[in-house]
Amino acid sequence: MNQEEEFNIGPLSVLYMSVRNNTQVLINCRNNKKLLGRVMAFDRHCNMVLENVREMWTEVPKTGKGKKKAQPVNKDRFISKMFLRGDSVIIVLRNPK
């Protein structure tokens, strides 16, 4: 099986279809952050070049002694272009609604 056939039917088909159709994917990373963006390129190690990425994570603010535990705060930021190393990828979801 050549590489293009492998991308069409194998586990990397999610990334392949995202590149072809210019659709968004949601990527969960090992640092407990989520990336929502468009895949421009990828390889078999799941290294990716992403565009128009929204990075989302949750932080718990620090409190002083004797105070109640603070509520977690959802945070996000926009990154226009980024390279994502494949070893930090846990899961890739296509067309999140």
Side-chain angles (χ1 to χ4, degrees):
M1 191 178 341
N2 68 18
Q3 194 169 10
E4 191 166 334
E5 287 175 348
E6 190 176 315
F7 286 164
N8 280 329
I9 61 171
L12 294 173
S13 64
V14 173
L15 293 174
Y16 182 74
M17 293 310 289
S18 176
V19 171
R20 285 196 48 174
N21 301 331
N22 198 27
T23 55
Q24 285 186 325
V25 293
L26 181 68
I27 303 166
N28 282 14
C29 296
R30 295 185 79 177
N31 59 2
N32 286 331
K33 292 186 178 182
K34 292 171 181 45
L35 303 171
L36 178 65
R38 299 187 190 283
V39 181
M40 295 295 109
F42 69 96
D43 67 7
R44 62 188 171 132
H45 305 289
C46 285
N47 297 320
M48 290 178 241
V49 176
L50 302 170
E51 268 188 353
N52 300 329
V53 179
R54 184 171 167 218
E55 181 182 31
M56 299 164 281
W57 70 96
T58 304
E59 285 183 2
V60 179
K62 294 192 172 154
T63 59
K65 274 190 176 175
K67 293 186 181 175
K68 285 199 308 184
K69 189 162 177 116
Q71 293 293 317
V73 177
N74 291 329
K75 295 197 167 194
D76 68 350
R77 68 177 175 169
F78 178 79
I79 303 167
S80 59
K81 280 188 173 49
M82 75 179 290
F83 177 84
L84 177 65
R85 189 177 153 107
D87 65 352
S88 64
V89 173
I90 294 176
I91 190 169
V92 178
L93 301 171
R94 67 186 161 121
N95 295 336
K97 302 282 188 237

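- We find the CG-OG distance between Leu35 and Ser88 to be 8.0 Å, quoted to the nearest 0.5 Å.
- For the pair Leu84 and Ile27, the minimum side-chain heavy-atom distance is below 4.5 Å.
- No side-chain heavy atom of Met17 sits under 4.5 Å from any side-chain heavy atom of Thr23.
- Note that NZ of Lys34 is 10.5 Å distant from CD1 of Ile91, once rounded to the nearest 0.5 Å.
- Across Pro61 and Ala70, no two heavy atoms sit closer than the pair O-CB, 3.6 Å.
- The side-chain heavy atoms of Leu15 and Val92, taken from C-beta on, include a pair separated by under 4.5 Å.
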Exercise for review: Report the C-alpha distance between Phe78 and Asn52 in whole Å, list the side-chain angles of each, state the deciding distance to 0.1 Å, and finish with yes or no for side-chain contact (heavy atoms from CB on, under 4.5 Å).
Suggested key: CA-CA 7 Å; Phe78 178 79; Asn52 300 329; 3.7 Å; yes

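- Remark: Lys33 is positioned above the aromatic ring of Trp57, its terminal NZ or CZ atom under 6.0 angstrom from the ring centre and at most 45 degrees off the axis.
- Between the CD atom of Gln24 and the OG atom of Ser18 there is a distance of 8.5 Å, given to the nearest 0.5 Å.
- More than 12 heavy atoms of other residues, nucleotides or ligands sit less than 6.0 Å from atom CG of Asn31.
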Review point. side-chain contact (heavy atoms from CB on, under 4.5 Å) between Leu26 and Met56: does it pass, once the steps are laid out?
Key: CA-CA 10 Å; Leu26 181 68; Met56 299 164 281; 4.1 Å; yes

**Study point:** side-chain contact (heavy atoms from CB on, under 4.5 Å) evaluation trace for Val39 with Leu50
**Key:** CA-CA 5 Å; Val39 181; Leu50 302 170; 3.7 Å; yes

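- Note on Val14: it clusters hydrophobically with Tyr16, by side-chain heavy-atom contacts below 4.5 Å among ILVMFWY residues.
- In this structure, OG1 on Thr58 lies 12.0 Å from CD on Gln71, to the nearest 0.5 angstrom.
- Side-chain N or O atoms of Arg54 include none that pairs as donor or acceptor with a backbone N or O of Leu36 at under 3.5 Å.
- For the pair Arg30 and Ile90, the minimum side-chain heavy-atom distance is below 4.5 Å.
- For the atom pair Lys81 NZ and Met40 CE, the distance stands at 8.0 Å (nearest 0.5 Å).
- Within the 3.5 Å criterion, the main-chain N or O of Gly86 finds a donor-acceptor partner in the side chain of Asn47.
- For the atom pair CG of Asn21 and CZ of Arg38, the computed distance is 10.5 Å after rounding to the nearest 0.5 Å.
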